[in-house]
Amino acid sequence: MKISPKQLCGHRGVAADAPENTLASIRQVRLWEMEWVEIDVQLTQDGVPVVFHDDTLSRCTNGVGRLGETPYAQLAQLDAGGYFDSQYQGERVPTLAAVLAQVAADDLHINIEIKTYPETDIPRLCDAVAATLSETGFPLERVLLSSFSLEALAYCQTAMPSVARAILWDVVPEDWQRYQDLATYSIHCHYRGITEVQAKAIKASGLKIKCYTPNHPEEVAHLWEWGVDMMITDAPSNYLGSEPTE
């Protein structure tokens, strides 16, 4: 089947084309004519919400140590692009505010994953996200909050009741309906983590389904038939078979 860019969401920007979760990667999303981008948000030591996936710095920057133990001023000096390709050397770890500004300029919807680790102060993180959304004036109807943490989603349900929410699971549990009130928009799962019966039941409940992170279209042809709405992918080129627009 022919896939439209509207059926795809850029994962951490377009992580196959540019260093993940950077402004360079986010700018790729509009070039591929997609309407959605997914990013991860965490807090620096001094409480600045930044867009970064790992709890440690070494994979995606030239720094070391834990992100949550690093002040923003120090983080802002690190190179977050050179590991990917020399043309991106000097790319920085962006703040959530900077990403929202780029997303607004590109007229995108944003899926903000509340990224938690065992040491994460969940209320502090969620409050910082809420404050940033308020301070930037980003249109809330273009925001989707997601998390693997049910605690984070429950907190967001109270702190940001008007913002859409999605539950993230590696594998959709048999009793997924128990948690349904935490999701107002969609269920997100690994593309191998859902059955046809579950997919049809989720769609019948009124929720959408998004699957991560399939980069090979042939692996997910059956998921479209089951009613999955969107693939969150690093590599839109594999689906769209063309070069991005300029």
Side-chain angles (χ1 to χ4, degrees), residues 9-29 36-100 102-103 110-126 128-129 132 144-153 156 166-171 188-191 193 210-215 232-235:
C9 171
H11 184 239
R12 305 179 196 169
V14 180
D17 293 355
E20 65 178 60
N21 278 326
T22 62
L23 293 180
S25 190
I26 290 174
R27 284 191 289 267
Q28 292 288 319
V29 174
W36 278 89
V37 62
E38 182 270 352
I39 56 96
D40 307 281
V41 66
Q42 301 184 63
L43 293 182
T44 60
Q45 183 186 56
D46 46 345
V48 177
V50 294
V51 174
F52 200 76
H53 177 272
D54 296 3
D55 60 340
T56 56
L57 298 171
S58 56
R59 182 176 68 88
C60 293
T61 77
N62 61 342
V64 295
R66 293 191 175 277
L67 179 109
E69 297 173 357
T70 306
Y72 176 69
Q74 180 179 335
L75 184 71
Q77 300 304 311
L78 299 180
D79 173 23
Y83 79 93
F84 186 89
D85 190 279
S86 60
Q87 68 175 305
Y88 294 110
Q89 192 161 359
E91 199 70 29
R92 303 303 179 196
V93 175
T95 63
L96 177 60
V99 166
L100 290 174
Q102 183 65 56
V103 169
I110 186 167
N111 176 180
I112 301 173
E113 181 182 340
I114 308 292
K115 195 69 187 173
T116 65
Y117 291 96
E119 65 276 10
T120 299
D121 183 335
I122 289 174
R124 184 174 179 236
L125 173 56
C126 294
V129 171
T132 303
L144 175 62
L145 301 172
S146 66
S147 188
F148 286 99
S149 167
L150 299 180
E151 179 186 348
L153 291 171
C156 290
I167 302 175
L168 265 166
W169 278 305
D170 281 322
V171 177
H188 299 185
C189 63
H190 190 275
Y191 70 95
K210 301 187 181 188
C211 290
Y212 68 87
T213 312
N215 293 326
I232 304 171
T233 182
D234 297 317

Are the side chain of T233 and the backbone N or O of A235 linked by a donor-acceptor pair below 3.5 Å?
yes
Check: H53 main-chain N/O paired with Q42 side-chain donor or acceptor under 3.5 Å
yes
Taking S147 for its side chain and I114 for its backbone only, find out whether a donor-acceptor pair lies under 3.5 Å.
yes
Between the main-chain N or O of T120 and the side-chain N or O of T116, is there a donor-acceptor pair closer than 3.5 Å?
no
Does some side-chain heavy atom of F148 sit less than 4.5 Å from a side-chain heavy atom of D170?
yes
Any heavy-atom pair between the side chains of L96 and V50 that's under 4.5 Å?
no
Going by atom types alone, do H11 and D234 pair a side-chain donor with an acceptor below 3.5 Å?
yes
Measure across L43 and L67 and return the closest heavy-atom pair with its distance rounded to 0.1 Å.
O-CD2, 3.6 Å
Quick check: closest heavy atoms across P49 and T132, and the distance to 0.1 Å?
CG-OG1, 3.4 Å
Nearest heavy-atom neighbours spanning H188 and A166
NE2-CB, 3.5 Å
Could you tell me if the side chain of Y212 sits less than 4.5 Å from the side chain of L168, heavy atoms only?
yes
Taking the side chain as every heavy atom from C-beta outward, state whether E20 and F84 have any pair of such atoms under 4.5 Å apart.
no
R12/D40 ion pair, N-O < 4.0 Å:
yes
Work out which heavy atom in R92 is nearest to a heavy atom in A76; give both atom names and the distance.
CD-O, 3.3 Å
Taking the side chain as everything from C-beta on, heavy atoms only, tell me whether I110 gets closer than 4.5 Å to V99.
yes
Show your reasoning for whether side chain to side chain contact (heavy atoms under 4.5 Å, CB included) applies to N21 and C60.
CA-CA 10 Å; N21 278 326; C60 293; over 6 Å; no
Would you call I232 and T213 a side-chain contact if the rule is heavy atoms closer than 4.5 Å?
no
With a 4.5 Å heavy-atom cut-off, do L144 and K210 have their side chains touching?
yes
If you measure from CG on D55 to NZ on K115, what distance do you get to the nearest 0.5 Å?
9.5 Å
Using modelled atom types only, decide if a donor and an acceptor are shared between the side chain of D79 and the backbone of T61 within a distance under 3.5 Å.
no
Ignoring hydrogens and angles, tell me if any N or O in the side chain of S25 forms a donor-acceptor pair with the backbone of V14 under 3.5 Å.
yes
Please give me the minimum heavy-atom distance between A73 and Q77, naming the atom from each residue.
O-CG, 3.4 Å
Heavy-atom pair of closest approach, residues F52 and T56:
CE2-O, 3.4 Å
For the pair R66 and E119, find out whether any cationic side-chain nitrogen is under 4.0 Å from an anionic carboxylate oxygen.
yes
By the definition side-chain contact (heavy atoms from CB on, under 4.5 Å), identify the one residue from L100, T22, I112 that meets it with I39.
I112
